[in-house]
Amino acid sequence: MTEKRSNQSIKDDILAGLEEVVDPELGIDIVNLGLVYEVNLDEDGHCEIQMTLTTMGCPLTDLLADMVERQLVKIPEITEVEVKFVWEPAWTMDKMSRYAKMALGIH
């Protein structure tokens, strides 16, 4: 019999998976770029990711959504992934982690 994992453990795996999704233009993952705004997981395994992009007209919307889905379906508790792009609040460089700023040469 397998033991049920805690929601926190699953959310940790979700964030680790999202850190594997690298923005092809910037070469930095979407978590450190500050693009992930919210992660929701319900009891049925439906995972909703609310994220944004650095610019509203970014041509990578479908590609990034597909990359997110491919990463998260690897987690056994997730049955469905839905990526919702949100534009409020608007993304700014302030949302990037210290690591991302250093990698991009922003001080």
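These figures come from a predicted structure and were not determined experimentally. FYI, the numbering just counts along the sequence from 1.
Scanning both residues, K101 and M93, for their nearest heavy atoms gives CE-O, 3.2 Å. Listed here is the closest heavy atom pair of I78 and L41: CG1-CD1, 4.1 Å. Between N32 and A100, the shortest heavy-atom contact is O-CB, 3.3 Å. Shown here for T55 and W87, the closest heavy-atom pair between the two residues is O-CZ3, 3.9 Å. Minimum interatomic distance between V31 and L15 (heavy atoms only, all atoms of both residues): CG2-O, 4.0 Å.
No side-chain donor from either of Q71 and E69 sits under 3.5 Å from a side-chain acceptor of the other.
Atoms CG and CD, from L72 and E20 in turn, are 11.0 Å apart once rounded to the nearest 0.5 Å. We find the CE-OG1 distance between M56 and T61 to be 10.5 Å, quoted to the nearest 0.5 Å. Separating the CD atom in E77 from the OG1 atom in T79 is a distance of 10.5 Å, to the nearest 0.5 Å. Within the model, atoms CD1 of I28 and OG of S97 stand 7.5 Å from one another, a figure rounded to the nearest 0.5 Å. For the atom pair I75 CD1 and I10 CD1, the distance stands at 8.5 Å (nearest 0.5 Å).
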May I have the step-by-step check of side-chain contact (heavy atoms from CB on, under 4.5 Å) for D29 and V21, ending in yes or no?
CA-CA 5 Å; D29 69 87; V21 177; 5.9 Å; no
Show the numbers, then the answer: is there a side-chain contact (heavy atoms from CB on, under 4.5 Å) between K84 and I49?
CA-CA 6 Å; K84 289 188 173 179; I49 305 298; over 6 Å; no
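With a 4.5 Å cut-off on side-chain heavy atoms, V22 and I30 do not count as touching. N40 has its side chain within reach of Q50: a pair of non-hydrogen atoms, C-beta onward, lies under 4.5 Å apart. The shortest side-chain heavy-atom distance between L18 and V39 falls under the 4.5 Å cut-off. Between M96 and I106, the closest side-chain pair of non-hydrogen atoms falls below 4.5 Å.
Checked by atom type and distance alone, the side chain of D23 never pairs as donor or acceptor with a backbone atom of G27 at under 3.5 Å. Between the side chain of T52 and the main chain of L35, no donor-acceptor pair closer than 3.5 Å is present. Using a distance-only test at 3.5 Å, with no hydrogens or angles considered, a donor-acceptor pair links the side chain of Y37 to the main chain of P89. Using a distance-only test at 3.5 Å, with no hydrogens or angles considered, no donor-acceptor pair links the side chain of T54 to the main chain of W91.
Within 6.0 Å of CG on D62 lie no more than 12 heavy atoms contributed by other residues, nucleotides or ligands. More than 12 heavy atoms of other shown residues, nucleotides or ligands fall within 6.0 angstrom of atom CD in E38.
Between R5 and D13 a salt bridge is recorded (basic side-chain N to carboxylate O distance below 4.0 Å).
Using a 4.5 Å cut-off between side-chain heavy atoms of Ile, Leu, Val, Met, Phe, Trp and Tyr, with links allowed through other members, L33 and M102 fall into different hydrophobic clusters. Linking Ile, Leu, Val, Met, Phe, Trp and Tyr whenever their side-chain heavy atoms come within less than 4.5 Å puts L63 and V83 in one cluster.
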